[in-house]
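Each remark here refers to the structure printed beneath this line.
Any value given below was found using the heavy atoms of this structure, including those in side chains, with hydrogens, waters and symmetry copies removed.
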Amino acid sequence: MLVIGAVVATWVLVRGSASDLKELTPQDRAVLVPVQETTVDFSAPATLSAQVAPGRSIPAPPLAGTVTGVEVAPGDVLSGEEKLYAVDGVPVVAYSDEGVLFRPLSRGDRGPDVATAQRFLNSLLDADLDDDGVFGTTTRSAVQDYERRIGVQDPTGVLDPGWFAHLPTESFEVAEVDVQAGAPAPAAGQPVATGTASLADVTMTSASAGPAGEYELLVRGEAVPVERAEDGSWQVTDLDAAASVVLADAGAVDQVSVTGQVRLLDGQAGQAVPAAAIITDSTDSTCVAATTSSTIDGASDLAVVEVLGSSVDGLAQLRPTLPEGARVLVNPVPVLGDVTCPSS
């Protein structure tokens, strides 16, 4: 009798526990949360793509001898007038100009390279030469002044193109230095320094539903300013910022794409609900089960919504069409089953 009683007691206990657990199972109970007011930034995934061009080089001028000093280093940004290195004590200075110094220049010479020399001497010496492309007396005097500055004992007034190295771009960021103190000076045309890689054909794509305006693309915590035009196209407005995120993944690859999240800088008023509350039916319509009371009545509480984006905390951003004080069902499938969103 004791054994039978124990079995019956165990059956009752187990049966009662199962019944209690069924009652406590939350999957068929409506879980309602308030609709939040938010600023909709139309955040959406985006892809930034670019063609990567290898860094250009500063070609060495025709100055033979031994490199006696190097003053340029990786990370330097050159724009002209910087001392790059010295050959037997004579400094080689960077210049940026549309013209190139390719021959010795002396009194009586004419040409675009003379005008380049005149402009550069004006910068170096704070001179007041006319860049007329005619090497006259005043230009000769300016060259002699420069010779004295670099330590020439008997100035000749003849400009040596070996004193200057032409920058391939107006602003040149050094990635690698190719000259070394104690080594022979590089031959004419050999690289003095190599610049950082650059971008071409920079494009961005995104399915963001946002309007035209100023946006930012977030990639690994870095922001790249972008703009959206009225026709929905995107333009990257800061190529330096784009280069910072793209070149980090470039390596030796010519074409690089990085993914991130794009968002509108000046957001619009909207609403936010948990992503689990969004119902997408077989026709790809989206709706939520929403109520201003304490219960959900069923299909009659379904409301069509337009999902505009998602926030960083995972909430779905909506166009503000739900009534004030509404709450949404966050477990619609267990509670309502397979439903079809209203047509409007």
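Using modelled atom types, one finds a donor on one side chain and an acceptor on the other under 3.5 Å when comparing Glu147 with Thr156. No side-chain N or O of Glu227 forms a donor-acceptor pair with one of Thr237 less than 3.5 Å apart. For the 3.5 Å distance criterion, the side chains of Asp130 and Gln118 fail to qualify, holding no donor opposite an acceptor. A donor atom on one side chain and an acceptor atom on the other are found under 3.5 Å apart for Thr194 and Asp178. With hydrogens and angles left out, the side-chain atoms of Ser244 and Glu222 include a donor and acceptor closer than 3.5 Å. Side chain to side chain, Gln51 and Asp254 fail the donor-acceptor criterion of an N or O pair below 3.5 Å.
Under the rule for a side-chain hydrogen bond (donor to acceptor under 3.5 Å, both in side chains), Asp238 has no partner lying at least two apart in sequence or in another chain.
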Checklist entry - Step by step, would you call Tyr95 with Leu101 a side chain to side chain contact (heavy atoms under 4.5 Å, CB included)? => result CA-CA 10 Å; Tyr95 72 98; Leu101 302 173; 3.6 Å; yes
Item to check | Leu329 and Leu336: CA distance, side-chain angles, deciding distance, side chain to side chain contact (heavy atoms under 4.5 Å, CB included) verdict | outcome: CA-CA 10 Å; Leu329 185 65; Leu336 303 178; 4.0 Å; yes
Next on the checklist: Determine whether Val92 and Trp163 satisfy the following criterion, side chain to side chain contact (heavy atoms under 4.5 Å, CB included), listing intermediate values before the conclusion.
Outcome noted: CA-CA 5 Å; Val92 175; Trp163 298 337; over 6 Å; no
Item to check | CA sep, side-chain torsions, deciding dist, call: Gln255, Ser49, side-chain hydrogen bond (donor to acceptor under 3.5 Å, both in side chains) | outcome: CA-CA 7 Å; Gln255 183 74 29; Ser49 301; 4.9 Å; no
Next on the checklist: For Leu32 and Val330: C-alpha separation, side-chain torsions, deciding distance, then whether side chain to side chain contact (heavy atoms under 4.5 Å, CB included) applies.
Outcome noted: CA-CA 6 Å; Leu32 297 171; Val330 296; over 6 Å; no
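Both Val174 and Phe164 belong to a single network of hydrophobic side chains, linked directly or stepwise wherever heavy atoms of I, L, V, M, F, W or Y lie under 4.5 Å apart. Note on Val202 and Val262: same hydrophobic cluster, where clusters join Ile, Leu, Val, Met, Phe, Trp and Tyr whose side-chain heavy atoms are under 4.5 Å apart, directly or indirectly. Criterion: ILVMFWY side-chain heavy atoms under 4.5 Å apart, direct or through other members. Under it, Met204 and Leu239 are part of a common hydrophobic cluster. In the hydrophobic clustering of this structure, Trp234 does not group with Leu218; members are Ile, Leu, Val, Met, Phe, Trp, Tyr whose side-chain heavy atoms approach within less than 4.5 Å, directly or through other members. Placement of Leu124 and Val158 in two distinct hydrophobic clusters is found when ILVMFWY residues are connected by side-chain heavy-atom separations under 4.5 Å, directly or transitively.
Between Ser206 and Gln261 there is no side-chain heavy-atom pair separated by less than 4.5 Å. Under the 4.5 Å side-chain criterion, counting only non-hydrogen atoms from C-beta, Thr291 is not in contact with Asp297. Inter-residue side-chain proximity for Ile58 and Leu78 is flagged as met; some heavy-atom pair is nearer than 4.5 Å. Looking at heavy atoms from C-beta onward, Pro104 lies in side-chain contact with Pro161 at the 4.5 angstrom threshold. At least one side-chain heavy atom of Arg140 sits less than 4.5 Å from a side-chain heavy atom of Phe135. Pro225 is not listed as a side-chain neighbour of Glu216, based on a closest heavy-atom distance of 4.5 Å or more. A 4.5 Å side-chain heavy-atom check between Ile279 and Thr286 finds every atom pair outside the cut-off. Looking only at side-chain heavy atoms (C-beta outward), Val273 and Val33 stay at 4.5 Å or farther from each other.
For Glu170, the CD atom sits in a loose shell: 12 or fewer heavy atoms of surrounding residues, nucleotides or ligands are nearer than 6.0 Å. Environment of CG in Asp313: crowded, with over 12 heavy atoms of neighbouring residues, nucleotides or ligands closer than 6.0 Å.
Distance check, rounded to the nearest 0.5 Å: OG of Ser208 to CZ of Arg263 gives 12.5 Å.
Under the salt bridge (Lys or Arg N to Asp or Glu O under 4.0 Å) criterion, the residue pairs touching residues 104-125 are Asp97-Arg119, Arg103-Asp113, Arg119-Asp131, with sequence neighbours excluded.
Outside the 6.0 Å centre-distance limit, the rings of Tyr146 and Phe120 are not counted as a close aromatic pair.
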